[in-house]
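Since the structure comes first, as structure tokens, the remarks are kept for the end.
Just so you know, ligand 1 is whichever comes first in the structure, and atom 1 is the first atom listed for that ligand. Small disclaimer: the values here were computed from a predicted structure and weren't measured.
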Amino acid sequence: MHNTIQISEGLYYVGGSDRTLSRFENLYPVPRGMAYNSYLLLDEKTVLFDTVDETVADLFLENIAHVLGGRTLDYLVVHHMEPDHSATILRLLQSYPTVTVVASAKALQMMENFFPFTNERTLAVKEGDVLKTGEHTLSFIGAPMVHWPEVLFSFDEKTGTLFSADAFGTFGALDGHIFADETQYGCDFSEARRYYFNIVGKYGVQVRNVLKKAAALPIETVCPLHGPIWRKNFGTFLKLYDVWSKYEPEERGAVLFYGSIHGHTAEAAQLLASAIAEHGARVEVLDVSAVDLSELVAEAFRFSHPVFLSATYNLGIFLPMEQLLSDLGAHLYQNRKYAVVENGSWSPQAGSLIENIVSGWKNMERIGERVTILSSVKEAQTEALRKLGERIAEDIRSES
Ligand SMILES: Cc1cc2nc3c(=O)[nH]c(=O)nc-3n(C[C@H](O)[C@H](O)[C@H](O)COP(=O)(O)O)c2cc1C
Ligand SMILES: [Fe+2]
Ligand SMILES: [Fe+2]
């Protein structure tokens with residue numbers, strides 16, 4: 001079977017979507033599957049941009065044979081060596097033994113570490129290098145640590161097409177449409193946000209470096225390695241990348257993360273949320289035991305005012321909350337105003353432990369006093385939570 005789609009004159013989509021995968025990278029749930037994009041350009045020379053994950057390899061190889069229609073494959077450009085895009089290189093080389101692999105020197109070295117062979121036909125390229133394929137000229141742009149060290153973008157000068165590796169990718173299979181402007185994607189970036197913050201987000205500085213270089217290019221179309229292709233309204237996505245890579249909140253609002261064993265801390269979260277909403281600010285409540293960690297991380301980055309409410313657990317922080325804090329720290333979470341609520345039946349400790357962790361992050365300012373609950377919310381804590389909610393709401397509204 002083959003399933004290819006023409007993108008523009010001479011350029012074809014030859015990738016595929018996997019809907020059987022439960023967790024991307026064996027970690028992030030992908031209930032709507034995952035797309036592994038690959039693109040084939042027919043010019044005087046034929047050029048394939050990246051391979052795909054093993055799960056869609058058969059379809060991919062049939063797609064290439066179909067589009068080539070008997071021609072040979074001249075170049076394989078490898079933008080990124082992570083196996084979701086490189087796993088099929090060996091099979092591709094077996095099918096097209098005369099293909100020249102075009103990649104950064106680092107990627108070529110990584111290739112030898114991944115595969116039990118040394119490929120003789122290689123062309124090492126770096127930023128500023130160009131490859132003429134006939135009517136098209138490809139130029140290469142270094143994108144180190146977006147999100148691996150060897151990453152390159154390439155740019156087709158004739159059509160203004162940017163091949164952006166994992167940047168501007170998203171979780172989710174392609175639903176027949178391959179262009180972002182044919183779908184609702186672009187109204188709701190929740191899966192793109194979750195993808196960005198969990199996979200690329202730690203490397204905000206490196207993302208900004210490559211955004212600067214991209215700004216100088218006359219981009220018409222962006223072809224990422226996951227998710228839809230952008231040919232219209234790319235500015236919307238670019239603006240989000242600008243905000244995200246600066247670690248700035250995307251929306252002014254509170255996000256309440258609660259970790260509760262028997263439900264009392266959950267009640268406190270609900271009460272606090274009501275107070276914030278009552279005072280006119282946006283608020284969202286998330287149970288750290290129920291919502292996937294990747295979603296918690298994405299929502300933390302989305303909002304300006306996180307609140308951490310946790311039960312004390314063996315003189316520590318309730319485990320899913322501890323895990324969230326550890327993941328946020330690892331992703332360089334910063335630039336937020338935060339509040340803390342703790343609960344304990346004999347020796348509440350969670351609050352000070354949370355504050356210790358958060359105080360190690362950059363530009364985090366605590367708002368209001370820590371609220372301590374002894375087992376259940378009484379009148380005094382109801383009052384304290386209402387006050388805290390009002391304070392948070394005022395702060396959110398003050399800068400909006
Ligand atoms: C395994 C376990 C360990 C706990 N360790 C502590 C503790 O070290 N200090 C404390 O004050 N409470 C501890 N607690 C009690 C809870 O923190 C306390 O009952 C709290 O009110 C639970 O809030 P919740 O109703 O939101 O679950 C522990 C509870 C459990 C189940
Ligand atoms: Fe990757
Ligand atoms: Fe990827």
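- Of the candidates L286, D287, D327, L296 forms a side-chain contact (heavy atoms from CB on, under 4.5 Å) with just one, namely L286.
- For ligand 1, the atoms closer than 4.0 angstrom to any heavy atom of T265 are 23 (O), 24 (P), 26 (O).
- When the heavy-atom distances from atom 9 (N) of ligand 1 to A350, S376, S347 are ranked, the shortest goes to S347.
- Polar contact with ligand 1: present for I261 (N/O pair, distance under 3.5 Å).
- Around the NZ atom of K378, the shell of radius 6.0 Å holds more than 12 heavy atoms that belong to other residues, nucleotides or ligands.
- Looking at atom 5 (N) of ligand 1, its nearest protein heavy atom turns out to be N314 N, 2.7 Å.
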>> Please evaluate residues K126 and D129 with respect to the criterion salt bridge (Lys or Arg N to Asp or Glu O under 4.0 Å), reporting the C-alpha separation (whole Å), side-chain torsions for both, the decisive distance (0.1 Å), and the verdict.
In response: CA-CA 6 Å; K126 57 183 181 322; D129 287 350; 3.4 Å; yes

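- Here's the thing with A266: none of its N/O atoms is less than 3.5 angstrom from an N/O atom of ligand 1.
- When only non-hydrogen protein atoms are considered, atom 6 (C) of ligand 1 lies nearest to W346 CZ2, 3.2 Å.
- Here the heavy atom of the protein found nearest to atom 17 (O) of ligand 1 is T312 O, 2.6 Å.
- Between the side chains of H147 and Q206, no donor N or O sits under 3.5 Å from an acceptor N or O.
- Other residues, nucleotides and ligands place no more than 12 heavy atoms under 6.0 Å from the CZ atom of R32.
- Here D166 contributes OD1 and H226 contributes NE2, and at the Fe ion (ligand 3) these two atoms make an angle of 90°, given to 10°.
- Ligand 1 has an N or O atom lying under 3.5 Å from an N or O atom of L315, backbone or side chain.
- With respect to the salt-bridge test (charged N to carboxylate O, under 4.0 angstrom), the residues K158 and D43 do not qualify.
- Counted by atom type alone, H80 and D50 present zero donor-acceptor pairs between their side chains at under 3.5 Å.
- Atom NE2 is the N/O/S atom of H85 found closest to the Fe ion (ligand 3).
- D84 lies apart from the Fe ion (ligand 2) in this respect, since none of its N, O or S atoms is found at a distance under 2.8 Å.
- Taking a cut-off of under 4.0 Å to the non-hydrogen atoms of H264, the atoms of ligand 1 that pass are 24 (P), 25 (O), 26 (O).
- With respect to E365 and R336, no salt bridge is recorded, no charged nitrogen being found less than 4.0 Å from a carboxylate O.
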> Which is it for F257 and L324 under the side-chain contact (heavy atoms from CB on, under 4.5 Å) test, yes or no, and what are the steps along the way?
Replying inline: CA-CA 9 Å; F257 299 105; L324 169 64; 3.7 Å; yes

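- Near S260, with a cut-off below 4.0 Å to any heavy atom, the atoms of ligand 1 are 24 (P), 26 (O), 27 (O).
- Within a 6.0 Å sphere centred on NZ of K132, heavy atoms belonging to other residues, nucleotides or ligands number more than 12.
- Nearest to atom 23 (O) of ligand 1 among the protein's heavy atoms is N343 ND2, 3.1 Å.
- For atom 22 (C) of ligand 1, the closest heavy atom belonging to the protein is A311 CB, 3.9 Å.
- Vertex the Fe ion (ligand 2); arms to H80 NE2 and E82 OE1; angle rounded to 10 degrees, 90°.
- Looking at atom 19 (O) of ligand 1, its nearest protein heavy atom turns out to be S345 OG, 2.7 Å.
- Those atoms of ligand 1 with a heavy atom of P348 less than 4.0 angstrom away are 11 (O).
- At distances below 3.5 Å, not a single donor-acceptor pair connects side-chain atoms of Y333 with backbone N or O atoms of V297.
- At the top of the distance list for atom 31 (C) of ligand 1, counting protein heavy atoms only, stands Y313 CE1, 3.9 Å.
- Classified by interplanar angle (parallel below 30°, tilted 30° to 60°, perpendicular above 60°), the ring pair Y247/F301 is tilted.
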